[in-house]
Trainee: 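Here's a structure for you.
Just so you know, these numbers come straight off a predicted model, no measurement behind them.
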Amino acid sequence: MKSLQQYLVEQEYDTLGHELKIGDFIEFKSTGVYINGQIQDFIDGEKPKWVVRAFGWKGPEDFRNKIKEKYKVNVSSKDIYKCNYSEEYIKVLKEKNMLI
């Protein structure tokens, strides 16, 4: 039998209707730029959130110093998109210890 947390995680979707789960790669908007990361955990509560480890961004170069290692992203955000990366890209990220 699934726990309530497992059920909630399996019922969450991105803006385009893709199902999201722990381990998925996403892109989300934060402070005006898009951050790329991997979902590491799910926080249940009044406002459920994904815990995301960042590994990149799309935006101005001066934003580099502002990127945090982890973000808590509201699952209800309208600016979350699931990303599909090639196995080669994932392998490089793992070699650089940028993924779980």
Trainee: Which value, rounded to the nearest 0.5 Å, describes the distance between S30 atom OG and K68 atom NZ?
Mentor: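 So the gap between those two atoms works out to 6.0 Å.
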Trainee: Between W50, Y71, Y81, W57, which is the residue that forms a ring pair (Phe, Tyr, Trp, His ring centres under 6.0 Å) with F28?
Mentor: Y71
Trainee: Hydrophobic clusters here meaning ILVMFWY residues chained together by side-chain heavy-atom distances under 4.5 Å, can you tell me if V52 and I22 are in one?
Mentor: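 Looking at the clustering, I22 is in the same group as V52.
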Trainee: Looking only at the side chains, is there a donor atom on one of N84 and Y89 sitting less than 3.5 Å from an acceptor on the other?
Mentor: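 Short answer, no.
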Trainee: Nearest 0.5 Å, please: how far is NZ in K66 from OG1 in T31?
Mentor: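 One gets 7.5 Å once the value is rounded to the nearest 0.5 Å.
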Trainee: How many angstroms lie between atom CG of N36 and atom CZ of F25, to the nearest 0.5 angstrom?
Mentor: 10.5 Å
Trainee: Please report the interatomic distance CD(E69) to CZ(R53), rounded to the nearest 0.5 Å.
Mentor: 5.5 Å
Trainee: How many angstroms lie between atom CG of L20 and atom CD1 of I26, to the nearest 0.5 angstrom?
Mentor: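 Reported value, rounded in 0.5 Å steps: 6.5 Å.
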Trainee: Give a yes or no on whether a salt bridge exists between E19 and K82, defined as a side-chain N under 4.0 angstrom from a carboxylate O.
Mentor: no
Trainee: Can you find a pair of side-chain heavy atoms, one from K58 and one from E27, that are under 4.5 Å apart?
Mentor: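 Yes, at least one pair of side-chain atoms sits under 4.5 Å.
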Trainee: Where do F42 and P48 come nearest, in terms of heavy atoms and distance?
Mentor: CZ-CB, 3.6 Å
Trainee: For I43 and K72, run side chain to side chain contact (heavy atoms under 4.5 Å, CB included): C-alpha distance rounded to whole Å, both residues' side-chain angles, the deciding distance at 0.1 Å, then the answer.
Mentor: CA-CA 9 Å; I43 299 173; K72 293 179 182 172; 3.9 Å; yes
Trainee: With a 6.0 Å cut-off (strictly less than), is the heavy-atom count around CD of E88, excluding the residue itself, greater than 12?
Mentor: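 Count not over threshold, so no.
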Trainee: So how far is it from K49 NZ to S76 OG, rounded to the nearest 0.5 Å?
Mentor: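 The distance works out to 9.5 Å.
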Trainee: Assigning hydrophobic clusters by single linkage (Ile, Leu, Val, Met, Phe, Trp, Tyr; side-chain heavy-atom cutoff under 4.5 Å), is V33 placed with I67?
Mentor: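 Per the 4.5 Å side-chain linkage, V33 and I67 are co-clustered.
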Trainee: Is a side-chain N or O of Q38 found less than 3.5 angstrom from the main chain of G23, in a donor-acceptor match?
Mentor: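 Indeed, once roles are kept as given, a pair shorter than 3.5 Å links the two residues.
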